[in-house]
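Take a look at the structure below.
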4 protein chains.
Amino acid sequence: MVGSKQVPSSIKNRALVEKRRQEMIRGAVSLFRDKGFHKTTTREIAKASGFSIGTLYEYIRTKEDVLFLVCDSIYEQVNERMKEVVDTSVPDGAPLEEAVRSYFRLMDDLQEEVIVLYQEVKALPKEAKDYILEKEQEMVAMLEELLACSLPGASRGKISVIANNVFVEGQMWGFRRWILQRSFTLEEYIDHQVSLLLEGVATYR
Amino acid sequence: MVGSKQVPSSIKNRALVEKRRQEMIRGAVSLFRDKGFHKTTTREIAKASGFSIGTLYEYIRTKEDVLFLVCDSIYEQVNERMKEVVDTSVPDGAPLEEAVRSYFRLMDDLQEEVIVLYQEVKALPKEAKDYILEKEQEMVAMLEELLACSLPGASRGKISVIANNVFVEGQMWGFRRWILQRSFTLEEYIDHQVSLLLEGVATYR
Amino acid sequence: MVGSKQVPSSIKNRALVEKRRQEMIRGAVSLFRDKGFHKTTTREIAKASGFSIGTLYEYIRTKEDVLFLVCDSIYEQVNERMKEVVDTSVPDGAPLEEAVRSYFRLMDDLQEEVIVLYQEVKALPKEAKDYILEKEQEMVAMLEELLACSLPGASRGKISVIANNVFVEGQMWGFRRWILQRSFTLEEYIDHQVSLLLEGVATYR
Amino acid sequence: MVGSKQVPSSIKNRALVEKRRQEMIRGAVSLFRDKGFHKTTTREIAKASGFSIGTLYEYIRTKEDVLFLVCDSIYEQVNERMKEVVDTSVPDGAPLEEAVRSYFRLMDDLQEEVIVLYQEVKALPKEAKDYILEKEQEMVAMLEELLACSLPGASRGKISVIANNVFVEGQMWGFRRWILQRSFTLEEYIDHQVSLLLEGVATYR
DNA sequence: GATGAATGAGCGTTCATTCAT
DNA sequence: GATGAATGAACGCTCATTCAT
């Protein structure tokens, strides 16, 4: 149930709230990606969601609530799918490499959403922002756990930097798509990143 | 002369235009970093710049012009200082490592500006955005050139990915400061990144 | 049957209409006194009345109907109780003084309602307002009748002014309570008003 | 300078602020009297004041500020003119009667304003309301002072009740005009009230 | 060249009312 | 008879921009 704790609705039927919010999120994501949060009007969100402005406000309190719902939902998706990736990797002792490849493919899949997250989280009110950043930290923590298993010799600090690098390189495929996706297919990009992660530039010196 | 081509002014005295725009940029950068472009009003920009709203509009046409001027000026600074870094590295055959370290320190130094760039470029109108992204490409190209010299064995594709990685890792120190700068000093961060760049995780497996 | 003539309901069962409207009035009076008619929403009225917004609208046509019902009911109460006062005074030839004292006590008792009346009647649509003001006139007329009996020497004009004075002084105990009720008990206030009514300031000159 | 302390304006020119606010007050008073504060829109206020909605908001912060300005200005007028009345009465030892007559005439003169005051003060936000009620108290205090001089034999309590009576009877001429002004000329009304004040109903028993 | 008062399109939000279930 | 989700007109307010002085 997306954001039900943080964003109260005046509609009583919980299932309906869930349904309408999904519609709202779907509508809002494209708008936010295309025009950004600030240039998107609430009327546009309502229209894209398939209901009237009045109805929109039965399910949220403020425009920022829509942004929160969108961000929350994206992280929920990303976290869930990352959990699958990590869970099939860690116990199997499956190699680091495969997990990282899965993560990059996931970021490709959720590209649109990740871009929104990247560009608009900062527009959230303080408290909501903290909540979302906490969720982001969970994701980085998952990567750290994965790395810690595969790289027993690495310090916590090193692990942390690597996790942040991988995290951002995954997102980079989306937010720098205008340059990266012009030059590489997804698999080429992943091959490059994995080789750099494993060996650095040592091979080319 | 900042943005003089792209942003006409109704004032004839070029030196004055330059001076006023510098004041405007200085004022706007902090505002944009703190509240974002959209939540900053033109009156606030005028006030922070030390002149009236009427005067502000003698030196720009639209609010977006201010953003453009700010972004342009930041890239100008970054490019100029990167040029120094690269120029003292490439001809000397100075090692890759030192150049990269210099770049990271530069990103630390211009943190505030880089964050603005990162968060607000997307708010620029299409044409202006393209112009700015072009300048960004110049920067990445400088990194590529540097890397190409030091890593003669690497393919153009690999070079490009590495350049983008380094470019973003430098900015990451700023835009993920709430996590990175809590855990590392700048030099620790740089040490980690340089070691990962050179050797990857090979050492820890 | 409150306002049944003026305010049609879509519900057939008259007893039920009566019951629901009583609930509605009880709920609305406090709301109107605390926040005023305009700042009270129909949803709040429905909630305070113990039924849903849909049900509320089965018993009224517009929000103003609620105000009318409230005002009508208050006058009904006031008139009824004033009738008792007057009826026990006039035939008995009971002294003016006692009747006036009873009236003041009544105004104290119905304070909350009188305040609402005082502040919100003007928000009624023209026709409803006229209807209510007519009822108010009945009350003043009762006072006039009472006064006429006790003051045979007074002209109609004088009687009318006195009636209006007494009428408003009674309400004043409620609508200027923040000053009067801080300085006087009800009985002190009544004593003062009665002595002034009977002798004016003649005694103190 | 009306309400300059309580209601900030973004316009710097103080004289202009004063001028525009006078225009605004003049426009708003009729509107408020005719339709009430809540049914008057800010656009109507702007139009009645002779400027645009944007300009209106250069001189106030919220719609309630207009109401405050209106109430404040009315009390200012009333207080000032009452001061004249009292000042020419008290030192001269001029008789109570004449002062009261002057007060009634003043209330007739400022009828429109007094009605607004009477009906809309309650819509003011708490703090502003307290401020205005304080000013009202000053007025009542003036009446008390006047009465105390003329009625040395009366207790403080009695004086206070008389002052409140006279105060409200003066306003009553306005807010019950639909009945009183149909039956009496102003001077008739005053004659009745003065005689009642001085002698009560003693004469008619 | 500088100023700041004026403008009004457009935004986020509310809430009385309706009507399908 | 009762419910509550849906509607959209209308509100208060903001702010980029203009232009007379």
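One interatomic measurement links the two molecules: CG of A:L67 to P of E:dG12, which rounds to 13 Å at whole-angstrom precision. One can place NZ of A:K19 at 8 Å from P of F:dA6, the figure rounded to the nearest angstrom. As a whole-Å value, the separation of D:L56 CG from E:dT7 P is 11 Å. Distance OH (D:Y59) to C1' (F:dC13): 17 Å, rounded to an integer number of Å. The interatomic distance linking D:D65 (CG) with F:dG12 (C1') rounds to 13 Å, in whole Å. Separating the CZ atom of A:R20 from the P atom of F:dA5 is a distance of 10 Å, rounded to the nearest angstrom. Separating the CD atom of A:E23 from the C1' atom of F:dA5 is a distance of 13 Å, rounded to the nearest angstrom.
In this structure a side-chain-to-backbone donor-acceptor pair under 3.5 Å is present from B:D65 to B:R61.
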In a table with atom names and distances, give each donor-acceptor pair under 3.5 Å that connects a side chain of residues 47-56 of chain A to protein atoms at least two apart or in another chain.
| residue | atom | partner | partner atom | Å |
| --- | --- | --- | --- | --- |
| A:S49 | OG | A:I45 | O | 2.5 |
| A:S52 | OG | A:G54 | N | 3.4 |
| A:S52 | OG | A:T55 | N | 3.2 |
| A:S52 | OG | A:T55 | OG1 | 3.1 |

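Where C:N13 and D:I60 meet DNA chain F, the nucleotide closest to each residue was compared, and C:N13 sits on the side nearer the 5' end. Nearer to the 5' terminus of DNA chain F, by closest-nucleotide assignment, is the contact made by C:K12 (compared with the other of C:K12 and A:I11).
To the nearest 0.5 angstrom, B:E44 atom CD is 5.5 Å from B:L31 atom CG.
Of the residues in residues 34-51 of chain A, those placing a heavy atom less than 4.0 Å from an atom of DNA chain F are A:R43, A:F51, in numerical order.
Salt bridge absent: A:R26 and A:E23 never bring a charged side-chain N and a carboxylate O closer than 4.0 Å. Using a 4.0 Å cut-off between charged nitrogen and carboxylate oxygen, D:E58 and D:R21 do not count as a salt-bridge pair. Using a 4.0 Å cut-off between charged nitrogen and carboxylate oxygen, A:E18 and A:R14 do not count as a salt-bridge pair.
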Do any N or O atoms of the protein come closer than 3.5 Å to N or O atoms of nucleotides 18-21 of chain F, and which pairs are they?
none

* Structure fact -> Each base of DNA chain E marked ( ) or [ ] if paired in-strand (Watson-Crick or G-U under 3.5 Å), | if paired to another strand and . if unpaired gives .||||||||||||||||||||
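Listed pair C:T55 / F:dT3 meets the phosphate criterion, a side-chain N or O lying under 4.0 Å from OP1 or OP2.
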* Begin with the C-alpha distance, continue with both residues' side-chain angles, and end with the deciding distance and a verdict on side-chain contact (heavy atoms from CB on, under 4.5 Å) for C:K122 and D:E120. => CA-CA 11 Å; C:K122 68 166 202 308; D:E120 307 298 351; 3.2 Å; yes
* After noting the C-alpha distance and the side-chain angles of B:E64 and A:K39, does the key distance pass the salt bridge (charged side-chain N to carboxylate O under 4.0 Å, His left out) rule? -> CA-CA 13 Å; B:E64 278 162 343; A:K39 290 192 180 160; 3.4 Å; yes
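Evaluated for a side chain to side chain contact (heavy atoms under 4.5 Å, CB included) with A:V7, the options A:V17, A:L69, A:T62 yield exactly one hit, A:L69.
Scored by the ring pair (Phe, Tyr, Trp, His ring centres under 6.0 Å) test, C:Y118 finds C:F175, D:F175 as partners (sequence neighbours excluded). Residues satisfying the ring pair (Phe, Tyr, Trp, His ring centres under 6.0 Å) test with C:F32, not counting sequence neighbours, are C:F37.
Nucleic acid contact for B:S10: none, since no nucleic acid atom lies under 4.0 Å from a heavy atom of the residue.
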